[in-house]
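Here's the structure, in structure tokens; my notes come after.
Since the structure is predicted, the reported quantities are computational estimates derived from the model, not experimental observations. What you see below is based on every heavy atom in this structure, not just the backbone, and it leaves out hydrogens, waters and symmetry mates. Each chain gets a letter, A, B and so on, in the order its sequence line appears, and its residues count up from 1.
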2 protein chains.
Amino acid sequence: MTDSVVLDTVDLRILRLLQNDARATYRELAEATGVAASTCLDRVARLRRSGVILGHRLELDPAKLGRGLQALLSVQVRPHRRELVGPFVDRIRALPESRAVFHLTGPDDYLVHVAVADMTDLQRLVLDEFTSRREVARVETRLIFQQWECGPMLPPGTAGTGR
Amino acid sequence: MTDSVVLDTVDLRILRLLQNDARATYRELAEATGVAASTCLDRVARLRRSGVILGHRLELDPAKLGRGLQALLSVQVRPHRRELVGPFVDRIRALPESRAVFHLTGPDDYLVHVAVADMTDLQRLVLDEFTSRREVARVETRLIFQQWECGPMLPPGTAGTGR
DNA sequence: AGTGAAAGCCTTATGTA
DNA sequence: TACATAAGGCTTTCACT
């Protein structure tokens with residue numbers, strides 16, 4: 001389950017199409033790939049079973065949901081031991097403001113991507129949920145001016161495959 | 001298009017359900033929300049039109065695609081002027097290794113989330129695509145041990161609404 | 001805006017090669 | 001494993017409220 005998976009041209013084309021629009025029908029996939037719709041169904045099911053496709057997620061606009069300000073919080077957790085960092089991550093993940101949490105190499109142990117309503121909300125979040133905790137040694141807050149999601153993720157060296 | 005949108009209980013329930021499984025059928029949404037399937041269709045179409053729903057995206061496992069190593073690159077671009085940073089962002093976004101780019105406050109102008117095959121690949125990426133460029137003054141690389149996506153994003157103060 | 005029903009398309013199980 | 005087909009379910013439209 002941890003290893004890389006062998007994908008052929010059809011798999012790659014299907015993934016590329018579904019990344020553009022995850023609601024593409026099997027008929028559309030069939031037309032675009034040249035194989036039968038029922039085969040596309042099999043392929044997608046296999047990609048899900050093998051763990052390549054983790055899920056179909058809705059992408060929402062935070063600003064439209066009243067969370068117009070986003071930030072990255074670099075957090076040092078000290079001492080950096082399992083019995084402290086496990087519950088720390090669990091609590092942070094459960095916050096409605098959290099979008100993603102990264103455990104990193106380097107002096108800052110965690111990076112937390114948060115979406116809040118405004119600066120007041122951010123200050124409250126930092127003070128009440130981070131610096132107030134004994135295991136949190138340091139928090140550095142950086143505001144996000146702008147962000148970009150990048151193109152479809154595909155295996156290395158497949159830039160032109162299947163086109 | 002930039003302002004927050006008014007969402008009622010039905011909208012919130014639909015968003016919550018679709019975030020758990022973006023492939024939920026309108027019939028399932030109808031059953032869960034208590035309104036007709038055709039109404040759910042209208043609601044989802046409205047949420048898309050108003051920009052709350054940006055898209056339906058496929059979530060893939062980078063490791064299964066031969067990108068078993070992820071990192072965050074903090075980048076200083078100097079001088080930090082539009083005519084330099086615009087092309088810089090465009091080039092970085094176009095890299096197949098890039099997953100996301102953030103423009104931030106603070107001394108590090110950009111944070112780039114990348115997924116690569118291995119350490120050799122990461123070294124190549126940093127040397128060839130970042131430090132080799134004249135406008136890139138500094139790059140700091142942090143490896144990602146582990147990462148977590150967080151729970152559904154909803155408007156502040158709606159934790160219990162509609163349940 | 002929401003509803004219910006009807007028409008048509010899509011998904012998906014199955015048999016075959 | 002891929003295909004074609006068919007049955008059933010889902011989406012989507014529409015007239016009505």
- Query: Under a 4.0 Å N-O cut-off, is there an ion pair linking B:Arg27 with B:Glu31?
  - Reply: no
- Message: Other members of the hydrophobic cluster containing B:Val6, with the 4.5 Å side-chain heavy-atom rule, please.
- Response: none
- A:Leu54: which other cluster members, linking ILVMFWY side chains closer than 4.5 Å, directly or transitively? none
Under 3.5 Å, side-chain donor or acceptor atoms of residues 103-110 of chain B against the rest of the protein: list the pairs with distances, not counting sequence neighbours.
| residue | atom | partner | partner atom | Å |
| --- | --- | --- | --- | --- |
| B:His103 | NE2 | B:His80 | NE2 | 3.1 |
| B:Thr105 | OG1 | A:Leu143 | N | 2.8 |
| B:Asp108 | OD1 | B:Arg138 | NH2 | 3.0 |
| B:Asp109 | OD1 | B:Arg78 | NH2 | 3.2 |
| B:Asp109 | OD1 | B:His80 | ND1 | 3.4 |
| B:Asp109 | OD2 | B:Val77 | N | 2.8 |
| B:Asp109 | OD2 | B:Arg78 | NH2 | 3.2 |
| B:Asp109 | OD2 | B:His80 | ND1 | 3.3 |

Distances under 3.5 Å only, N/O to N/O: pair up the protein atoms with those of nucleotides 15-17 of chain D.
none

Between N or O atoms, less than 3.5 Å apart, protein on one side and nucleotides 11-17 of chain C on the other: list the pairs.
| residue | atom | partner | partner atom | Å |
| --- | --- | --- | --- | --- |
| C:dT11 | OP2 | A:Tyr26 | N | 2.8 |

- Please list, chain by chain and in numerical order, all residues satisfying salt bridge (Lys or Arg N to Asp or Glu O under 4.0 Å) with A:Arg99, sequence neighbours excluded. none
- Task: List in chain and number order the residues that pass salt bridge (Lys or Arg N to Asp or Glu O under 4.0 Å) with A:Asp128, two or more places apart in sequence or in another chain; answer none if no residue qualifies.
- Result: none
Between side-chain atoms of residues 82-95 of chain A and protein atoms elsewhere (two or more places apart, or another chain), which donor-acceptor pairs fall under 3.5 Å?
| residue | atom | partner | partner atom | Å |
| --- | --- | --- | --- | --- |
| A:Glu83 | OE2 | A:Arg81 | NH1 | 2.2 |
| A:Arg91 | NH2 | A:Glu135 | OE2 | 2.4 |

- Between B:Glu31 (CD) and C:dG4 (P), how many Å, whole number? 14 Å
- Task: Any ring pair (Phe, Tyr, Trp, His ring centres under 6.0 Å) involving residues 16-38 of chain B? Give me the pairs, sequence neighbours left out, ordered by first then second residue.
- Result: none
- Message: Taking only side-chain N and O atoms of B:Arg43, does any of them lie within less than 4.0 angstrom of OP1 or OP2 on C:dG2?
- Response: yes
